[in-house]
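Note on naming: letters A, B, ... go to the chains in the order of the sequence lines (proteins, then strands), and numbering restarts at 1 for each one. Note that these values count all heavy atoms, side chains included, but never hydrogens, waters or copies made by symmetry.
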Number of protein chains: 4
Amino acid sequence: MAFLREEKVFKDPVHSYIYVQDELIWNLINSSEFQRLRRIRQLGTTFLTFHGAEHSRFSHSLGVYEITRRIISQFERNHYPDWPKEERMVALCAALLHDIGHAPFSHSIEEIFETDHEQWTINILLGDTEINRILSSNSSSLPRQVAEVIQKTYSKSIVVSLISSQLDADRMDYLLRDAYFTGTDYGNFDLERILRVLRPHDGTIVVKESGMHAIEHYLMSRYQMYWQVYFHPVTRSSEIILRQIFKRAKQLHEQGYSFTWVDPSILALIEGRITLQSYLSLDESLVQYAFSCWQHEQDALLAELCQRFLNRRLYKYITFEELSEEYLTEIEEAFTAIGLHPEFHMEIDYPFDRPYDVYRSEKTSSSREKAPIMLLEKDGSLSEIATKSDIVSSISGLHQGRYHLYYPEEALIRHRHLLSDTIKQIFNIHDEEQRTNG
Amino acid sequence: MAFLREEKVFKDPVHSYIYVQDELIWNLINSSEFQRLRRIRQLGTTFLTFHGAEHSRFSHSLGVYEITRRIISQFERNHYPDWPKEERMVALCAALLHDIGHAPFSHSIEEIFETDHEQWTINILLGDTEINRILSSNSSSLPRQVAEVIQKTYSKSIVVSLISSQLDADRMDYLLRDAYFTGTDYGNFDLERILRVLRPHDGTIVVKESGMHAIEHYLMSRYQMYWQVYFHPVTRSSEIILRQIFKRAKQLHEQGYSFTWVDPSILALIEGRITLQSYLSLDESLVQYAFSCWQHEQDALLAELCQRFLNRRLYKYITFEELSEEYLTEIEEAFTAIGLHPEFHMEIDYPFDRPYDVYRSEKTSSSREKAPIMLLEKDGSLSEIATKSDIVSSISGLHQGRYHLYYPEEALIRHRHLLSDTIKQIFNIHDEEQRTNG
Amino acid sequence: MAFLREEKVFKDPVHSYIYVQDELIWNLINSSEFQRLRRIRQLGTTFLTFHGAEHSRFSHSLGVYEITRRIISQFERNHYPDWPKEERMVALCAALLHDIGHAPFSHSIEEIFETDHEQWTINILLGDTEINRILSSNSSSLPRQVAEVIQKTYSKSIVVSLISSQLDADRMDYLLRDAYFTGTDYGNFDLERILRVLRPHDGTIVVKESGMHAIEHYLMSRYQMYWQVYFHPVTRSSEIILRQIFKRAKQLHEQGYSFTWVDPSILALIEGRITLQSYLSLDESLVQYAFSCWQHEQDALLAELCQRFLNRRLYKYITFEELSEEYLTEIEEAFTAIGLHPEFHMEIDYPFDRPYDVYRSEKTSSSREKAPIMLLEKDGSLSEIATKSDIVSSISGLHQGRYHLYYPEEALIRHRHLLSDTIKQIFNIHDEEQRTNG
Amino acid sequence: MAFLREEKVFKDPVHSYIYVQDELIWNLINSSEFQRLRRIRQLGTTFLTFHGAEHSRFSHSLGVYEITRRIISQFERNHYPDWPKEERMVALCAALLHDIGHAPFSHSIEEIFETDHEQWTINILLGDTEINRILSSNSSSLPRQVAEVIQKTYSKSIVVSLISSQLDADRMDYLLRDAYFTGTDYGNFDLERILRVLRPHDGTIVVKESGMHAIEHYLMSRYQMYWQVYFHPVTRSSEIILRQIFKRAKQLHEQGYSFTWVDPSILALIEGRITLQSYLSLDESLVQYAFSCWQHEQDALLAELCQRFLNRRLYKYITFEELSEEYLTEIEEAFTAIGLHPEFHMEIDYPFDRPYDVYRSEKTSSSREKAPIMLLEKDGSLSEIATKSDIVSSISGLHQGRYHLYYPEEALIRHRHLLSDTIKQIFNIHDEEQRTNG
């Protein structure tokens, strides 16, 4: 494997610098598939809630690579016997490329069009791409090895746990990066300290016991980021509108509607016959350009939804502990009565519909979840962190969420004279004040 | 003027929070013309050099508004007689809207298509737009007043100096914001301290003498941001390619070339007959989508340039103190001989071609430049800062730049056997190493 | 009340700047009693654990004043009716002077010599001091008013809650300041945000509902500071030695021992007859100078303890869940057998001996504790924060500590051949490794 | 050489953590001579100007050690041939111990009592001390080797340049640390980046050419720290008073005055016969305790000066471009006429009396100064940084200071009726306002 004659550096606001020492990594970064990540935001629609969150998956991917590089470099420097040195390049490539298959606004796209970004990552690694050629030029087995790490089937499980575990490089980078760009300080934790206390141990990565406080801080930060950024209802509202746009476009196409303009890749996506080449042309420019065009479409519903998204005219929401079928029916009828389409103009978030990713201890975690964080004691034994830390124990329990119902408030206010008192009370429409993103 | 029933807040990574107290401001932010700024990056192509620089003019505009709001709030709180209290809303609107007329990648667009973002700002303020309606609903003269501030002809000169001077809210926000998102710490300075030492004084804004150190620090930061971010040659290289794309598209259209795809607004721009409505549909999604399409155009030159831009295959550069006509001719001939188009494949930056915006003291500044920063002494007299500060005096002199010649290195390497020894020596093509963005 | 002709500023690493606008405050800061606080560390012996914690009560007192000033300034600016404007100066003075009665290493001094720093604060406010003269010159009732705020008996309870409550200026400053100087980032929270959401309400200070997240972050930070800084066992060990020194000196004096050197104020302290004048001469210089002298005293025990303190040769500790009387007796006998004095050479910390100051919700708090933090809902009702916040609810429960036994490890190792197997096992003296301050 | 069984860590606010891997270093830190540095402030009297500057030489010494450790670790990791690996321990010990010989308020003590902290460092290294025993136990030649590094006579010049050069670990730590504790952000620079671009080269340490910007930033920060912190006139005023105290005490003792109290070490210092043992008992506790006692001495001048120092009643100052002998005589006579002692009550700072430590380029530096910073070009040649960097070139010139005359303002105001108009005009005594520390 060739080293670069001179180390390359990228200035990075989160890690200060990102260091590239291998020609292979340098070439992967310069591939068109990787450069495409510059045109996909890391946090999807979150920029509509936190305006600073305009950062891309490109910078996140560099960050995951850099954290992985630092961990490995520390393992190598200390000659830890449980770290398989020959796996360095597989790990670095997997770290850099783990998000390469993402579509623009992935979660919404995947839900409506039933694609799977992980599968597309595999396709890009193994298909006819620049990335495949660069990896293969290094060793013919490398594309397959990297794909196995992504699929979590790689024989050296420690490589998988670097990229995907409760304390992996992916999560450490996105917590720090999302905190930095949204401007929410509580997402900060002491990365340098954590990197120093990680230890390769019997096919997995554990934490030296003296590092417990640093891990506590990391878990507290993660806890707050989930509640205050990732689960923010305004973000959720914009995701709902985005999904409704795709849903409506699909519905229209299936009904034989003829769009004034539509990009062939979007058509292929709708029809479920998209090729690798077309998939790689999907980015947020294309999606936003499509919405720009569609806001003038003849279909009023599609036009309205696109205008809402582009001009940030989001749905409001109300919350409640329980929601009876009866009430729901009454609401749907009221919506229909004033000309709204319940299918598109309201949405209910049930608690736990979304992946809930706060740390769970052994006791509270289900089998599907990632293995808990283990502390390595001085005597060589392992303990799950929640058994040692009061702080972690106190935050790793289950939390009950609330139902959120999203809807277009302006329409209800405009047609208030047509609404029953029950409906007016539910939606509190006497109060015309708008919510902000604070 | 109506106050909001409850203050709105935006979380901002640079100013911590942005506070909106006026319904007028809230409505302006929610207008479609202002939301469009989310789709235009603050630093154009700089994200290709500093990958964190993905922030938009939307967040910058909020920042300029917030700094202006804080300055005015301090002036009001202290009841300074030289501050005309009735100008608050004009100033806040001008701060928020000062960049509303920007096109995507403004500098390049303006150079090739001879548009002027300041004129478009006026058009948006005075034309048939949501913004005009919102401003007018407040007072019929407000659109015109805000326009005059932008044009620097407003009768209350102190309002102009808030938005446009050596120490204005615009510059203070962009220095801090660009430093934050690029990750270059040296752009930091103590904004809070500066805000406390500003004083309205006889139609302009001056600095209390005890604030000299804070201003020194601000000017040092600005000095470093110019040399290390704004004048970065890699950014310059990407701007050159961008401009060449527009130049080529225009040339092709004028030659009667028929594009596979072209957006009507771009066509209107090329033909110099763009309407306000079309201008407002221009954003970076549209431009990037256009480049995505054009990278498959039949015209090889246009396709090549678009691929270069999207995949960050930029021109390299060499620098020299002087460049004779003779040499230049030799280079152009050599380029032509190996199939390159000198008109598109090389560009020379002469020193001072670009707006050089390091602080100049009275002595060194030319008449076109903004008035220097004045210190208000305890006895009420004013002194220009460079006469008081050794630091400012030492950095406000003239600096000689160097010529930069940008060119496609790969092509030269590929055709090295066709190049003369002189040419090979000039471009140092024995060394195949690529430059990074460090 | 006189305003300063020009505002004074102190550069402060935590609050950026501290602003003094009143001549009264400026004069109080310049009094000899206030300058004495420069010679008393904020965190006592903590600098032996976290070497950065060398900051004084002087800077903390300025910080509490500044936070109070900012809160009041916000209350005044918004003309909140529940804030009694005439109380501004009483509140600022109480904030600045709340710690004026502290002795060097207060907690240890108070325990051994049965003094009370709050009572000394009152004595200084009302006695023959510069501070009393400065306050009286402003209004004859001011010293008494400030004293009542300190004693929590002041009729305007809102002034008391500014200085002493679950969310007071004292605590907000020390958390931020101690985090800054120890270098433990997890103590950070968003002060600016909290200040903006505080509201005077019916004789107390509450939090606007939209500020809940900021309070959560504050309580999380506080939680971590307690576990990781304030309860750190190495700090506890140094406090124990300090107290043993005072205890031994007192014991010796009572036994008629004649010291080679002793400062008259210390003698007065031991004999319980210290005057205000003498008390004000107590500072850490004096205490450390005394220890410097006493490390050469003839009494071997006093000399040993002083050497331990000055050269940081602290006791080690072991922890256990329970400790039987039997075991304890066996340990004491073993200690005596090898020439140690159990009274001075060992100490057991029982859980909850120390003021445990993690936030308690209404349900878990005892009557002695400060009132919980209340959120002000949009409809004007109040709710205790733990009923609204999952995070706070999860950390406000009770936590069981462990017993810590502190002892001189070197002595045990030196005499290991004289120890029984049980004792050797308890103290794990095979492992000679020393603990660090990490 | 023995490694510790487990790495020790110190939490440090500047470097995050300080890592100790060698038993030798650990033992040196625990020696009584090194622990004494906890009782000597890093910046002497600066805490009277910037109240946060209460940090000790203990924390600075750990910081210099840590930076040196990181540099060496990088050199070792990269196997640079110009770094002599066997010198690691000599370099680390010299870094840790370079300030071990400092007295409290060194500069003043040295001036009045003609001691030399560097000579005392040598005495401590080679004399009968714990430190000497610890070093010798490692290798009999180590104390002498470390002493030679301190004296800059060590044969391996690269070790000297690590500890003492224009870009040494000492200076890098104190700039960052003093900036942190004073709270002046402009002292920050990117240490991590600088450490990565240092290269051992032919017996000295140079900077890789691509690191030029980081060095520029470092030099700008240093420039600002000198002007805004180290040369601050309020600090200078407190140093003057401190020196006058020592001067007066010495004068009194020489005149046969009998002090009510005086510590034997101070007496030995005055009489120029201090032993190593006594020297090591000197710390700031002792000095401040002495001042506490002396403020009640019968000699009114000594008492006044001590009260001034303890209660921060400093001299004010006036500045002027030139000062004639005539004027000076007139001032001295006026001072005497109102009962002041010109010898103690006034002091003139001539420009450049103090070590002026802003970076000088080759052209402007004198022979006594440290060698300039050299850049290592890609072709292996060296260039002085000011020849490459416009920024450095602009700030490395000479700067003219101004005369400062320090004096007790209150006395002049009190006796204003006795002063001539000239004197009143010079001292501007109509303006009674006091200066602050801003």
Heavy-atom contact with chain C under 4.5 Å, split by part of [X]:
X      : answer
D:S59  : both
D:R313 : side chain
D:Y180 : both
D:E23  : neither
D:I18  : side chain

Please round to the nearest 0.5 Å and tell me the distance separating atom CZ of D:R312 and atom CD1 of C:I29. 9.5 Å
Output the distance between atom CG (D:L286) and atom CG (C:L286), rounded to the nearest 0.5 Å. 11.5 Å
I'd like to check D:T184 versus C:K11 (side-chain heavy atoms, cut-off strictly below 4.5 Å). Are they in contact? yes
Aromatic ring pairing C:Y289/D:Y289, orientation class (parallel under 30°, perpendicular over 60°, tilted between): parallel
Answer yes when C:E54 and D:R177 have at least one side-chain N-carboxylate O distance shorter than 4.0 Å, and no when they do not. no
Which residue out of [options] racks up the most heavy-atom pairs below 4.5 Å with chain D?
options                      : answer
C:S56, C:A179, C:C293        : C:S56
C:S31, C:S32, C:S285, C:G183 : C:S285
C:E33, C:R39, C:E284, C:H55  : C:R39

Most contacts with chain C, counted as non-hydrogen pairs under 4.5 angstrom, among [options]:
options                       : result
D:Q288, D:R36, D:R38          : D:R38
D:N311, D:L62, D:V287, D:T182 : D:N311
D:V14, D:V20, D:D263, D:D283  : D:D263

Need one label for C:Q295: side chain, backbone, both or neither, based on atoms under 4.5 Å from any heavy atom in chain D. neither
Show your working on side-chain contact (heavy atoms from CB on, under 4.5 Å) between C:L310 and D:Q35 and close with a plain yes or no. CA-CA 7 Å; C:L310 290 174; D:Q35 292 287 325; over 6 Å; no
Heavy-atom closest pair, residues C:F181 and D:G52: CE2-O, 3.8 Å
Looking at C:Q277, I'd like to know if its CD atom is crowded, meaning that more than 12 non-hydrogen atoms belonging to other residues, nucleotides or ligands lie closer than 6.0 Å. no
